[in-house]
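One structure is given below, represented as structure tokens, and several questions about it will come after.
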Amino acid sequence: MTSPKRVGRIEFGLFSPKEIRKMSVRKIIWADTYDDDGFPYPQGLMDLNLGVIDPGLRCKTCDQKAADCPGHFGHIELAKPVIHVGYTRLIRKLLRVSCRSCSRLLMTAEEVEKIIGPEDGELAGEIVSEKDIKKERVCPHCGEQQLKINFEKPTTFSEVFVEDGRKIEHKLTPADIRARLEKIPDDDLRALGVNPDVARPEWTILTVLPVPPVTMRPSIILENGQRSEDDLTHKLVDIIRINQRFKENQDAGAPQLIIEDLWELLQYHVTTYLDNEVAGCPPARHRSGRPLKTLSQRLKGKEGRFRGSLSGKRVNFSARTVISPDPDLSIGEVGIPLAIANEMTVPVRVTQFNLDEMKQYVLNGPERPTIRSPCGANYVIRPDNRRMRLSDVNLETVTEMLEVGWTVERQLKTGDIVLFNRQPSLHRMSIMAHRIIVMDGRTFRLNPAVCPPYNADFDGDEMNLHIPQTEEARAEAEILVAVHANILSPRTGGPIIGGIHDHISGIFLLTHRVRHFTKKDVLYLVQHLPIEHLPEPDRIDENGTPLWTNKQVFSLVLPDDLNMVFRASSCQNCEICKQDMCENDAFVRIIDGNLISGTIDKKGIGAFDGQILHRIIRQHGMKRASRFIDDVTKLSIRGIMLEGFSFGIDDEDLTKTEYGQIDEVLSGAVSDVERRIKIYNEGQLEPMPGRTLEETLEMQIMQVLGKARDRTGEIAGRHLGMDNSAVVMAVSGARGSMLNLTQMAGCLGQQSVRGERIMRGYEDRTLPHFRRNDRGAEAHGFISNSYKSGLSPTEFFFHAIGGREGLVDTAVRTSQSGYLQRRMINALQDLKVAYDGTVRTTGGRIIQFCYGEDGTDPGRSSYGAPVDVKGIIESVLKEEIR
Amino acid sequence: MGTSLDVLKHEMVPNHQIMDDEEVTDLLATYHLSLDQLPKIYHDDSAVKAIGGEVGDVIRITRESRTAGRAEAYRLVVKRPKK
């Protein structure tokens, strides 16, 4: 279990000026890069000793060409020391805990002992912090009075004197600070948690600046032949220029004021060179106004070196395009455009058994004209790993040369296995393996029943496709990642793939109540199903035509030995269930693979709670289940096409009676609210326990208005029966709810912000259209209109307020849960279940002694339970058990 | 000091038990483990203090489990490291 080598420890330290000079190959003194001939200046920022980026030149240090030279550091001698912005916190701490004259820790040895204790004693590992220093500000070693150290972002340190009762700030130069830090004894540093062997504190004040190799700041040549330097080079140019000017002024004996200005300028340039996003420091900008991307910006954040370049991987053999639906595909298939199939390849090793086949691929060449033509090949790889691109000119010669041991990169063909993915990849079903079908057109085609696990729709979504390149990868994809291996979600242990939208409406319309079909209709319904014989007709009508029931038609897609009893989505949860006599036909009974009673809807075949699907998976396995999904979706689409299904604005029309009733209910509610406000105003309102008067009133109003909206819904629902498409969709669970219908036909109801009526807006009122302190229903966001009747201007505004809250919520939720997910994945990504059932880290350390304490894989469980007891008993007894 | 709370009697605290050497050897053999691959528990954990566990002891924790009915976990007592 253990890896052959272990990292014992990692030590982080600072570069000392000595080390910087030692690793430097060249002192850099000129701010210029290239001369007029385009040749680097010696001792300039692009000096040939620092490595080469232009092809043809050789590095003066290692004598290698551009491709092989790793680059070498140079250095700049700074005229005066400057502070490294990354260490200002440490510098501040050290200045505050050390004496201003003798630089020793402002504590006696005994005090230090008390905090740190003897080695490997009770307190081992403790370090002295700023808070442990006594407040009296006298050095216990030399008796010097200490001064307060002020730190001003980004890099200014100053001491505070008190003179004649006035506070005077005296600025400390980096040179002063460096002198103090130099004097701090090694032992005091250890007490402070600094290891002086690798990080002397004075090294945080730079006296010499390393110049990174040109390989990490290459200049690019624009189309017009002009050179464009890297941001880092620009910044280094600034530093050298100021440094040079500083030196000249210093040598010429310039006045102190000018020296100080230049020193500060140098500090600014070095600061922004290291980090261009420091608080209290204007970022250095490019001529175009874009802030420069300096050292810290290269490393930080999502697109930085760590998250963006090192943890982030990009891949070959992948494709991306828009997706569109194709219900004729199986759920385990994906249609890919010919253009993609022609471009992407699978390597095949040439053996004596496939030599002829491979020769044919090579002969077919890189261009496949139609989806029906045989697939070709784009490259061949010779045993010496030389890769040859196939083109019309060399097809014959390569075919002749091809022999055992070569590898042919053949194009994709129908039947190849690929990985299909949609971002965000939040769970493992976001990447599943499909078999491809080469198709015309430019989009990926997928069966709409696999949309739920990808959370895909066809409003312009794009998806990615990856081609496994080895036999092992293909085997793994087929066994573990295939769509039919992922029908059960490991989150719930229930199916996640299944009928959506029209599949559910269709199967509902087909199986609702009992209807009889002639042979013509039955054959229309089942024409896409793999069925060889029709069952015995249910009855023969007076004309002698045989008739089949709709339930018989549905039973054709069920396995023969299926026995189950459940309640459909349309079940009203009556107090006494009338079972087979249910007037909604919601009591589903399947005996020996025959639907005896009940309507199939979302509960039966839906994507998230398809009970029939779940039972088939338990009893017949994933393969049968995926066939069932294919069959049932095809049948339901035929079912919906038999009669047609549409929804329009006039489907929300009610009659005069209903409109009258709705108006009555609403005006009743509004006057009820007014009555309650009046009681409140008169001081007659009884507060509810634990609530204020206002809260009680608000709750009552919300309740009255909520009830009123529901009543309008009931009125509308009474008129709109099962012949209404929206009702069919809501009852079957395909899409929408009765609430949506209420809001379309009845009334929109109360708009709310944070669960309360809308209270914000102007002084004592929500909008200037209302009187101040009006507590009435309309003044606080009650919308008595419906989407159909149209909203008044104030209602529209309230609706926008309520709607905005929802948008903000989703935006906040996604960003928060995204970050949570990132942290979870980082913490858990290397854990695995070992063969003995334990959950372990890569080091073999135990996390759980038995996965989930019962060792059950939820992806193979029945809603979390290892055995579906109810299902087994049901299929034996063939009746409902409770 | 007032009356001290016996944490072991709290309903949320599962049963903790110090394992003897033989049990520990068995445990390490069944799971093919070295001692430091076991999950850890601090020496100053209230339950460990209550049963008198010392650094280096292995504690058996028996819990009621929602999935398995009863689940056992084993933890090695270690010293709480300094921050």
Side-chain angles (χ1 to χ4, degrees), chain A residues 1-3 6 8-9 115-129 131-132 190-193 490-493 830-867 869, chain B residues 11-49 53-83:
Chain A
M1 287 295 280
T2 48
S3 48
R6 248 163 208 272
R9 58 177 192 159
I115 293 166
I116 298 180
E119 224 169 283
D120 43 79
E122 186 75 356
L123 295 162
E126 281 290 324
I127 54 162
V128 174
S129 74
K131 288 180 203 109
D132 299 320
R190 287 201 184 90
L192 288 160
R491 179 174 65 165
T492 58
D830 292 321
L831 302 188
K832 67 171 187 181
V833 180
Y835 281 107
D836 62 356
T838 56
V839 181
R840 297 183 188 230
T841 65
T842 43
R845 274 174 34 234
I846 296 232
I847 301 298
Q848 279 183 4
F849 282 90
C850 184
Y851 173 73
E853 295 184 337
D854 62 351
T856 303
D857 175 359
R860 288 165 193 283
S861 70
S862 167
Y863 292 103
V867 181
V869 178
Chain B
E11 62 164 1
M12 301 288 287
V13 178
N15 181 272
H16 287 63
Q17 215 182 331
I18 301 172
M19 294 167 75
D20 59 40
D21 289 349
E22 201 181 312
E23 288 176 312
V24 173
T25 327
D26 276 358
L27 173 73
L28 298 185
T30 32
Y31 288 108
H32 303 283
L33 286 175
S34 67
L35 205 56
D36 64 321
Q37 287 176 326
L38 281 174
K40 314 286 190 289
I41 190 165
Y42 288 145
H43 72 287
D44 59 351
D45 182 280
S46 310
V48 172
K49 281 200 285 192
E54 299 283 325
V55 171
D57 284 349
V58 178
I59 312 269
R60 175 192 288 117
I61 300 167
T62 316
R63 307 191 170 89
E64 278 175 26
S65 160
R66 220 156 55 108
T67 49
R70 208 183 75 111
E72 281 184 357
Y74 312 91
R75 286 174 182 272
L76 176 69
V77 181
V78 293
K79 216 166 123 351
R80 180 187 289 277
K82 294 287 173 266
K83 342 143 223 160

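Chain identifiers are assigned alphabetically (A, B, ...) following the order of the sequence lines, protein sequences preceding nucleic acid strands; residue numbering begins at 1 within each chain. As a basis for the values below, the full set of heavy atoms in this structure was taken, side chains included, without hydrogen atoms, waters or symmetry mates. Please read all numbers here as calculations on a predicted model, not as lab measurements.
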Self-check item: A:R845 atom CZ: more than 12 heavy-atom contacts under 6.0 Å
Solution: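 It does not: A:R845 CZ has 12 such atoms or fewer within range.
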
Self-check item: Non-neighbouring partners of B:D44 that pass salt bridge (Lys or Arg N to Asp or Glu O under 4.0 Å), sequence neighbours left out
Solution: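 Applying salt bridge (Lys or Arg N to Asp or Glu O under 4.0 Å) to B:D44 gives B:R80.
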
Quiz item: Please walk me through it: do A:R840 and B:L33 pass side chain to side chain contact (heavy atoms under 4.5 Å, CB included)?
Solution: CA-CA 11 Å; A:R840 297 183 188 230; B:L33 286 175; 3.3 Å; yes

Exercise. State the CD1-CG distance between A:I846 and B:L38, to the nearest 0.5 angstrom.
Key: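 Between A:I846 CD1 and B:L38 CG, I get 7.0 Å after rounding to 0.5 Å.
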
Self-check item: Step-by-step side chain to side chain contact (heavy atoms under 4.5 Å, CB included) determination, B:T67 to A:T856
Solution: CA-CA 9 Å; B:T67 49; A:T856 303; over 6 Å; no

Quiz item: Rounded to the nearest 0.5 Å, how far does CZ of B:R75 lie from CZ of A:F849?
Solution: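 Those atoms lie 8.5 Å apart.
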
Quiz item: Roughly how far, to the nearest 0.5 Å, is CZ of B:R63 from CD of A:E853?
Solution: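 Reported value, rounded in 0.5 Å steps: 6.5 Å.
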
Quiz item: What's the spacing between B:Q37 CD and A:T838 OG1 if we round to 0.5 Å?
Solution: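 Going from the CD atom of B:Q37 to the OG1 atom of A:T838 covers 10.0 Å.
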
Self-check item: Test side chain to side chain contact (heavy atoms under 4.5 Å, CB included) applied to A:Q848 - qualifying residues, sequence neighbours left out
Solution: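 Listed in chain order: A:V839, A:Y851.
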
Practice problem: Please determine, among B:A73, B:P39, B:A71, the option with the most heavy-atom pairs under 4.5 Å with chain A. | Solution: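 It is B:P39.
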
